[in-house]
**Q** 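The structure is given below, and queries will be raised subsequently.
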Amino acid sequence: MSDGGLSKFQKRMNAIPKAAREAVKPALMQGGYDIADAMEALAPEADGDLKGSIQVTAPGQMTPPYSQPGGSRAVPENQVAVTAGNSDVRYPHLQEYGTRHHAAQPYFWPGFRLARKKAENRIKRAIGKAIREAKS
């Protein structure tokens, strides 16, 4: 008795989530690097420590201690973290938002906003391609 291709369709649908997760990893990382590059381009440069502290952390890894935003934390699956700061550079938030003695010099959130759309589009294309190519 034939199922009219139902089993083939079900196998393909079950393969999509795994294929999409695998295909999105390189796109996530590249998107993170694009965002980090935009942040570095906007970061004020006195001695280069702030620019050098901007990092992209892969899924399953720990962000640097004292990094902004959020400090050291594990990056969940299917996410990437872009942080600024580390145990030597503890002032990124002061640079971003300023203090009463120092004017704000935003670089983090403007860099994120500049590069976010490009990163999102790359991820969407990777997922779409994985779905089209998913096989049983």
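Keep in mind that the numbers below use all heavy atoms, side chains included, and drop hydrogens, waters and symmetry copies.
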**Q** Contact between T83 and F108 at the side-chain level, heavy atoms closer than 4.5 Å - yes or no?
**A**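 No - every pair of side-chain heavy atoms lies 4.5 Å or more apart.
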**Q** Kindly give the heavy-atom pair with the smallest separation between P76 and P59, and that separation in Å.
**A**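 So the minimum-distance heavy-atom pair works out to O-CB, 3.7 Å.
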**Q** Short question: side chain of Q105, backbone of A43 - any donor-acceptor pair under 3.5 Å?
**A**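 Between the backbone of A43 and the side chain of Q105 there is no qualifying donor-acceptor contact (under 3.5 Å).
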**Q** Measure the NE2-OH distance between H93 and Y66 for me, rounded to the nearest 0.5 Å.
**A**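 It is 12.5 Å, given to the nearest 0.5 Å.
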**Q** Please report the shortest heavy-atom distance between A38 and G111, naming the atom on each side.
**A**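 Of all heavy-atom pairs spanning A38 and G111, the closest is CB-O, 3.5 Å.
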**Q** Less than 4.5 Å apart, any side-chain heavy atom of P92 and any of L50?
**A**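 Yes. Closest side-chain heavy atoms under 4.5 Å.
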**Q** When rounded to the nearest 0.5 angstrom, what distance separates CD in Q68 from CG in L94?
**A**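 Nearest 0.5 Å value for the CD-CG distance: 8.5 Å.
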**Q** Mind checking whether V82 and M62 sit in one hydrophobic cluster, side chains of I, L, V, M, F, W, Y counted as touching below 4.5 Å?
**A**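 They do not share one cluster, since no chain of ILVMFWY contacts under 4.5 Å joins V82 to M62.
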**Q** Looking at NZ of K118 and CD1 of I123, how far apart are the two atoms once the value is rounded to the nearest 0.5 Å?
**A**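 That separation rounds to 12.5 Å.
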**Q** May I ask you to test the Q95-H102 pair for a side-chain heavy-atom distance under 4.5 Å?
**A**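 They are in contact (side-chain heavy atoms under 4.5 Å apart), so the answer is yes.
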**Q** Return the set of residues passing side chain to side chain donor-acceptor pair (under 3.5 Å) with R125 (not counting sequence neighbours), or none when no residue passes.
**A**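 For R125 there are no side chain to side chain donor-acceptor pair (under 3.5 Å) partners, ignoring immediate neighbours.
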**Q** How long is the gap from CZ on R116 to CZ on R113, to the nearest 0.5 Å?
**A**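 These two atoms lie 8.0 Å from each other.
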**Q** Side chains of Y107 and F112: does their closest heavy-atom pair fall under 4.5 Å?
**A**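 The answer is no; the side chains never approach within 4.5 Å.
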**Q** Do R122 and L28 have side-chain heavy atoms sitting under 4.5 Å apart?
**A**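 SC-SC contact between R122 and L28 ruled out.
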**Q** If I take atom CG from residue D49 and atom CG from residue N86, how far apart are they, to the nearest 0.5 angstrom?
**A**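 D49 CG to N86 CG: 8.5 Å, rounded to 0.5 Å.
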**Q** Out of curiosity, D37 CG to K51 NZ, how far, rounded to the nearest 0.5 Å?
**A**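 So the gap between those two atoms works out to 11.0 Å.
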**Q** Closest heavy-atom contact between Q55 and P64?
**A**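 Closest approach of Q55 to P64: OE1-CG, 2.6 Å.
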**Q** Can you confirm whether Y91 sits close enough to V89 that some side-chain heavy atom of one is under 4.5 Å from a side-chain heavy atom of the other?
**A**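 Sidechains of V89 and Y91: in contact.
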**Q** Keeping the roles fixed (side chain from S72, backbone from T63), state whether a donor-acceptor pair exists under 3.5 Å.
**A**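 Checking the backbone N and O of T63 against the side chain of S72, a donor-acceptor pair under 3.5 Å is found.
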**Q** Quick one: are V56 and V80 in side-chain contact, heavy atoms under 4.5 Å?
**A**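 With C-beta onward as the side chain, the pair touches.
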**Q** Between P106 and L42, is there a side-chain heavy-atom distance shorter than 4.5 Å?
**A**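 SC-SC contact between L42 and P106 ruled out.
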